[in-house]
Number of protein chains: 2
Amino acid sequence: MKKQVTQELVEMFAEAYHNLGYSSLMGKIVALLIASPEPLSLDDISEELQMSKGPISQICRKLKEHNLIEKAWIPGERKDFYKATDDIFGQAFRNYARNMQKNKLIAQKTMQALNQNGNGSTMEHLTNRMQEMEAFYELMKTHHENFLSEWHEVKSTPADL
Amino acid sequence: MKKQVTQELVEMFAEAYHNLGYSSLMGKIVALLIASPEPLSLDDISEELQMSKGPISQICRKLKEHNLIEKAWIPGERKDFYKATDDIFGQAFRNYARNMQKNKLIAQKTMQALNQNGNGSTMEHLTNRMQEMEAFYELMKTHHENFLSEWHEVKSTPADL
DNA sequence: TAGTTTGTTTGAAAAATTTCAAATGTTGTG
DNA sequence: CACAACATTTGAAATTTTTCAAACAAACTA
């Protein structure tokens with residue numbers, strides 16, 4: 001049964017999103033849009049998830065801002081329809097990668113603070129750790145880029161933002 | 001001032017952890033242990049964060065389970081002391097990578113469900129999406145492994161778990 | 001313009017998470 | 001064994017997040 005499989009997917013995405021610390025409603029909506037061949041309206045989603053439209057509207061906005069879903073124009077219709085972005089998995093990864101690069105900034109900012117204050121050798125330990133941290137996330141950046149371009153090769157879509 | 005820099009680091013880690021959906025207390029403890037040249041006791045942490053010991057004990061257990069911190073034996077002392085794991089950044093990444101592989105399982109499980117039920121071509125769309133999803137996380141796995149071995153080369157530590 | 005349909009915002013209720021203080025366990029010491 | 005020094009568990013309080021229902025706003029229709 002179609003409904004059955006979709007519902008299981010919704011539940012698994014909800015749990016996965018929750019475990020990753022996102023709203024589980026996000027996961028549900030994403031799952032629904034991934035599963036559906038046609039775009040869905042807010043009312044469709046609301047009906048499917050048995051939930052009022054308020055939060056769905058809000059979460060859809062966030063998902064759209066993060067390029068995981070997008071509006072789909074449907075000729076005769078007045079409602080907004082949403083569909084999962086073409087490269088939704090790649091896009092989710094891009095969002096994650098951007099977050100990780102913030103960690104590099106933390107390391108850099110901390111090293112800067114260490115330099116400004118008269119850094120006795122008291123903080124040699126922290127300096128070393130921060131250098132390691134920066135190096136780690138710098139290396140990670142390269143790998144993120146590699147992964148994405150390789151993925152887009154497989155998927156044959158352009159790799160730009 | 002040492003205290004000042006550490007405190008800023010604690011705040012930044014707290015925010016970063018929170019944004020990634022983890023408890024911000026986790027971030028604070030991790031930051032403190034990264035910053036400190038010597039291992040810290042629960043009381044040290046409790047004092048530094050101005051917070052009762054209960055939650056700190058719990059979070060430390062979780063952090064230890066995830067191999068981000070570990071107990072440090074200190075000769076004359078009776079208290080438990082904790083320190084950040086040697087390769088804490090790599091370890092955090094390993095935890096994340098493990099989580100991502102769960103997504104591959106979701107795709108596989110869904111495809112299996114699609115096959116079991118008489119899959120009319122009604123679900124061709126979802127089948128395709130799930131194949132893409134599986135391929136994505138499979139490719140990601142390779143890249144995770146590459147990244148980790150390259151990182152350990154840089155850091156020159158063994159790459160095994 | 002008045003009326004209808006739809007999306008968004010908002011303040012309050014519900015649910016989940018975090019924190020605390022106290023009780024309970026555990027381990028070592030005399 | 002009794003006591004002391006800790007760590008852990010637990011139930012309640014505080015805080016934060018999620019959800020809802022209703023008000024509001026915007027866009028279309030007649």
Side-chain angles (χ1 to χ4, degrees), chain A residues 7 10-11 13-33 36 38-66 68-83, chain B residues 7 10-11 13-33 36 38-66 68-83:
Chain A
Q7 207 138 12
V10 165
E11 269 323 303
F13 265 69
E15 192 190 328
Y17 267 67
H18 177 84
N19 287 340
L20 290 171
Y22 300 107
S23 143
S24 70
L25 179 54
M26 263 196 193
K28 290 182 186 180
I29 294 175
V30 165
L32 225 45
L33 293 179
S36 168
E38 287 90 28
L40 301 178
S41 69
L42 289 186
D43 285 324
D44 293 337
I45 298 172
S46 175
E47 217 264 293
E48 199 77 44
L49 299 179
Q50 304 274 57
M51 167 169 286
S52 74
K53 258 177 15 173
I56 291 176
S57 168
Q58 291 182 0
I59 300 281
C60 280
R61 178 167 48 72
K62 274 192 201 166
L63 287 172
K64 189 152 57 66
E65 281 168 10
H66 290 108
L68 296 180
I69 69 176
E70 61 191 14
K71 289 194 180 174
W73 235 216
I74 292 196
E77 289 281 3
R78 278 180 62 186
K79 294 182 182 181
D80 289 350
F81 284 81
Y82 289 97
K83 66 194 277 296
Chain B
Q7 207 138 12
V10 166
E11 270 322 304
F13 265 68
E15 193 190 329
Y17 267 68
H18 177 85
N19 287 339
L20 290 172
Y22 300 108
S23 143
S24 71
L25 178 54
M26 263 196 191
K28 289 182 187 178
I29 294 176
V30 165
L32 225 44
L33 293 180
S36 168
E38 286 91 28
L40 300 178
S41 69
L42 289 185
D43 285 324
D44 293 338
I45 298 172
S46 175
E47 218 266 292
E48 199 76 44
L49 298 180
Q50 304 273 58
M51 167 170 286
S52 74
K53 256 177 16 174
I56 292 176
S57 169
Q58 291 183 1
I59 300 281
C60 279
R61 178 167 48 73
K62 274 192 202 166
L63 288 172
K64 188 151 58 65
E65 282 167 11
H66 290 108
L68 297 180
I69 69 176
E70 62 191 13
K71 287 194 180 174
W73 235 216
I74 292 195
E77 289 281 2
R78 280 180 60 184
K79 295 183 184 182
D80 289 349
F81 284 80
Y82 289 97
K83 66 193 280 293

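So you know, we letter chains A, B, ... as the sequences are listed, proteins then strands, and number each from 1.
With contacts defined as side-chain heavy-atom distances shorter than 4.5 Å, the pair A:C60/A:L42 qualifies. In this structure, B:E11 and B:E15 have side chains that are not in contact, with every pair of non-hydrogen atoms separated by 4.5 Å or more. The shortest side-chain heavy-atom distance between A:D44 and A:L32 does not fall under the 4.5 Å cut-off. A 4.5 Å side-chain heavy-atom check between B:Y82 and B:P39 finds every atom pair outside the cut-off.
Between A:L42 atom CG and C:dT9 atom C1' the separation is 14 Å, expressed in whole Å. When rounded to the nearest whole Å, the span between CG of A:D80 and C1' of C:dT5 equals 12 Å. Nucleotide C:dG7 holds its C1' atom 15 Å from the CD atom of A:E77, rounded to whole Å. As a whole-Å value, the separation of B:K79 NZ from D:dA5 C1' is 9 Å. Between the NZ atom of A:K71 and the P atom of D:dA27 there is a distance of 11 Å, given to the nearest Å. At whole-Å resolution of the value, CD1 in B:I56 and C1' in D:dC6 are 14 Å apart. One can place CD1 of B:I74 at 13 Å from P of D:dC6, the figure rounded to the nearest angstrom.
Taking 4.0 Å as the cut-off between side-chain N and carboxylate O, A:E70 and A:K83 count as a salt-bridged pair.
Sequence neighbours left out, the pairs with a member in residues 48-58 of chain A that pass salt bridge (charged side-chain N to carboxylate O under 4.0 Å, His left out) are A:D43-A:K53.
The side chain of A:R61 lies closest to C:dT9, out of C:dG7, C:dT9, D:dT9.
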If the sugar-phosphate is the primed atoms plus P, OP1 and OP2 and the base is the rest, what is the B/S/- string for nucleotides 14-30 of chain C, using protein heavy atoms under 4.0 Å?
---SSSB------B---

